[in-house]
*Asks:* 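Handing you this structure, nothing more for now.
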Amino acid sequence: MTEKIVKSAVLGFPRIGGNRELKKHTEKFWSDRSDRWVGYEGDSGNKEENTAAPDLSGELEREKNLIQVGKEIREKNWKLQKEAEVDIIASNDFSFYDQVLDLSVLFNVIPDRYKKFGLTPLETMFAMGRGLQEGPVDVTALEMVKWFDSNYHYVRPTFSNSTEFKLNGQKPVDEYLEAKELGIETRPVLLGPISFLYLGKADRDSTGLNPLSLLPKLLPVYAEILNKLAAAGAKSVQVDEPILVLDLEDDVQNTFKVAYDQLAAETEVEIVLATYFGTVSPNLKAIKNLPVSGFHFDFVRNPEQFDDVISILNDKQSLSVGVVDGRNVWKNNFANSSELVNKAIEKLGADRVVVSTSSSLLHTPVDLDNEKKLDPEIKNWLSFAKQKVTEVVTLAKHASGEDVSVEFEANAKALASRSSSSITNNPEVQDRISGITESQSTRSAPFEVRSKEQQEIFKLPLFPSTTIGSFPQTKEIRINRNKLVKGAISEKEYEGFIQSEIEKVIRFQEEIGLDVLVHGEPERNDMVQYFGEKINGYVFTVNGWVQSYGSRYVRPPIIVGDLSRPAAMSVKESVYAQSITTKPVKGMLTGPVTCLRWSFPRVDIDQRAQALQLALVLRDEVNDLEAAGIKIIQVDEPAIREGLPLRSGKERSDYLQWAAQAFRLATSGVANQTQIHSHFCYSDLDPNHIKALDADVVSIEFSKKDDPGYIKEFQTYPNHIGLGLFDIHSPRVPSKEEFIEKIETIMKYYPAEKFWVNPDCGLKTRGWQETKESLTNMVAAAKVFRERY
Ligand code: GLN
Ligand code: ZN
């Protein structure tokens, strides 16, 4: 390999394996339960004494296989990058669960409740990530939250007054050495100390503790791991401070200088400070004069921050130019990227410029080569992690003056084929978009008028009860779906099966006395994929998995062109369900923003335009449902909160405007008497944002919120609302009394005539037994309140 002048860097590679190896082996490890608790005396005796000084040899043996799988994945990933001639390859980008959780473990930020039972380090980490109920151990998971505006979730570092920072193992060093042994020099990556604290929270025994106040205690330990890396041979370390793209108060900004000065004084290793997913422009003050050897910025998201960040570099610092998108699946635009890289070279000189991915490639599927079923024309527009690695190298070679004209020509051709393709462009859709009017996205009467007209038809009792849509997706349902895909049963047979499932769900709901029924969604594999498969302009992968959290991976569909609906998508099932009952059945659709957020969007047109296209598709569906006699239609928008831009300002207010507009465009084509529902999963929503959707009834995930302040927040919500009364992630069955108590608390703040009774979310991941019991108790509680009011 010849030394290039301009180097290439990859900030991290997906760790799930090309065929989801990590998931398979991790889940197997979890399900093969440890036998060490056999003979454990149940609840008698002192738990801690019972398990004192356990013999872990059996456990460690059991872990060996999983540890080996991790090692093999790392080796593959490093070799792939090495063979592609990447100059700067990341290590410590691997994790069995979550890289932030790994750091909590490394720095001993482990709440005491996980330490009592003599668990192995690996078990302790999993217990923190997902809870553990085994033998005497019964601990819940730490809080999990979204990683910035991505669909990845991290486990929140959870600090308490008794947190004692010290190194617990040396994972980053071990993995650095592991690569070195393979002959591969890597650059270890670590989340930075300030982001680590800032993204964390105080544990329940230490409310009021500000994690950032722990910085002086963390820094010496942080320096210790950097020094160990240096001693092992690492020349530089990538330290991620992604919070630099958030709105930061002055005191947080000022902390950077203090922290990095101290790290520089205490360590020899070079630090490359990395941010991504946004612009650092408003926080330049925080990174000016930092004693680091270089910076990495995301120029895919925010190319306009270029001049700002150049202005704070000293004359030695390097600039890692993130131009290959770590968040999407499109081929890079070589012409645009190299223009930016050249601009950097002009300002700084070639030896100070590095070409890199915009962020870790964790958020992209592993390998496009695995997609055998994609239309070759479309495939030629795409690039997954493995292909992106090559793109980075090609761009670096180009910048170094090497001849990559063949690659550049092929790239330009692929891009041109995409922009001129009839798959990308549908003039009819574009015409419709330009013809959208304000009145199309406004219901023809205000809520007060609509709700009266609706009540005349539905005559619902007070505290009307309903569910969010899905009922248990049983093994039988999945088997039949698979049979249809494989051609083992005919369309007709499958339809018959689905109808029998719908009937089962309808009869059950009638039996227990729910007021507004659902058909149960048995025909849907996934709430976005199901519709995407029926919309022109979407494509699907076979193996395009991306880690969402732990061992949960998602396979987002890809929006490749203007979106249109060739035929009705959900009418058949809803009409069938309504035909077999006299109670109202809700039609059930996934909203435009959620379809967009849970897909890989196009990058040639903006997200607003794509949301509006989806809105028109859904508008036609809503209207068709209404015409077919469906009188209540729910359009779910669980992802509306996560789309909120990270910073306040114009981008955020624009988003709120178009997200609400898209929802209203989808749902405003109906008569006053048709009742529109919506549903949101994450509940840290601003009531005003929800108000802008003007749905007649909304349901919100709520059961895990015990904060009365939160109940009050929605007190003034003007339309009807159902606050989720039980957690659908857990098999636990709440008693009737528990439901009553919950509703009583809420009724302190809410007018009874606005309140609906429903679970947190859909029931697809639950079993039938607990579903029956929970819903029966919920309806019984609703009846109690009906009598009281
Ligand atoms: N209607 C969907 C269901 O019940 C909603 C799912 C969701 O909000 N994530 O499954
Ligand atoms: Zn939900």
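Both counts, for ligands and for their atoms, begin at 1 and track the order of listing.
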*Asks:* Any idea which heavy atoms bring Q509 and V516 closest together, and the distance?
*Replies:*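 Closest heavy-atom pair between Q509 and V516: OE1-O, 4.5 Å.
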
*Asks:* Is a side-chain donor or acceptor of T745 paired with a backbone partner of E741 at a separation under 3.5 angstrom?
*Replies:*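 At least one qualifying donor-acceptor pair exists.
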
*Asks:* Say you draw a straight line from NZ of K764 to CE of M527; how long is it, rounded to the nearest 0.5 Å?
*Replies:*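 One finds 6.0 Å between NZ of K764 and CE of M527.
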
*Asks:* Going by the angle between their ring planes, with limits at 30° and 60°, are F785 and F463 parallel, tilted or perpendicular?
*Replies:*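 The arrangement is tilted - the two ring planes meet at 30° to 60°.
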
*Asks:* Which residue in the set R481, R766, E501 passes side chain to side chain donor-acceptor pair (under 3.5 Å) when paired with Q473?
*Replies:*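 Only match with Q473 under side chain to side chain donor-acceptor pair (under 3.5 Å): R481.
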
*Asks:* Could you list which atoms of ligand 1 come closer than 4.0 Å to a heavy atom of M527?
*Replies:*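 Here the atoms of ligand 1 in question are 5 (C), 6 (C), 7 (C), 9 (N).
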
*Asks:* What distance do E642 atom CD and T594 atom OG1 have between them, rounded to the nearest 0.5 Å?
*Replies:*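 With rounding to 0.5 Å, CD (E642) is 7.5 Å from OG1 (T594).
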
*Asks:* At a 4.0 Å threshold, what atoms of ligand 1 neighbour a non-hydrogen atom of C681?
*Replies:*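 In order of numbering, the contacting atoms are 7 (C), 8 (O), 9 (N).
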
*Asks:* Are F739 and F726 close enough that their ring centers fall under 6.0 Å?
*Replies:*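 Ring-ring flag for F739/F726: true, centres closer than 6.0 Å.
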
*Asks:* With heavy atoms of H679 as the reference, note each atom of ligand 1 found under 4.0 Å away.
*Replies:*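 That gives atoms 8 (O) of ligand 1.
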
*Asks:* Show the atoms of ligand 1 that are less than 4.0 angstrom away from any heavy atom in G762.
*Replies:*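 Answer, ordered by atom number: 3 (C), 4 (O), 10 (O).
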
*Asks:* Judging by distance only, is a nitrogen or oxygen of W598 under 3.5 angstrom from one on ligand 1?
*Replies:*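 N/O-N/O distance under 3.5 Å: no.
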
*Asks:* Hey, does the side chain of E573 reach the backbone of P522 with a donor-acceptor pair shorter than 3.5 angstrom?
*Replies:*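 The answer is no, because no donor-acceptor pair under 3.5 Å joins these two groups.
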
*Asks:* Say whether E521, considering both its backbone and side-chain N or O atoms, lies within less than 3.5 Å of an N or O atom on ligand 1.
*Replies:*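 Yes; the residue has a nitrogen or oxygen that sits under 3.5 Å from a nitrogen or oxygen of the ligand.
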
*Asks:* Give the numbers and elements of all ligand 1 atoms closer than 4.0 Å to a heavy atom of G469.
*Replies:*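 Under 4.0 Å from G469, ligand 1 has these atoms: 4 (O).
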
*Asks:* For atom 5 (C) of ligand 1, what's the nearest protein heavy-atom neighbour? Residue, atom name and distance, please.
*Replies:*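 Residue, atom and distance for the closest contact: D636 OD2, 3.3 Å.
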
*Asks:* What is the nearest protein non-hydrogen atom to atom 7 (C) of ligand 1, stated with its residue, atom name and distance?
*Replies:*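 Nearest neighbour among protein heavy atoms for atom 7 (C) of ligand 1, to 0.1 Å: C761 SG, 3.4 Å.
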
*Asks:* How close does the nearest protein non-hydrogen atom get to atom 10 (O) of ligand 1, and which residue and atom is it?
*Replies:*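 The closest heavy atom on the protein side is S470 OG, 2.7 Å.
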
*Asks:* Taking only heavy atoms of K764 into account, list the atoms of ligand 1 that are under 4.0 Å away from them.
*Replies:*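 Near K764, the atoms of ligand 1 are 10 (O).
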
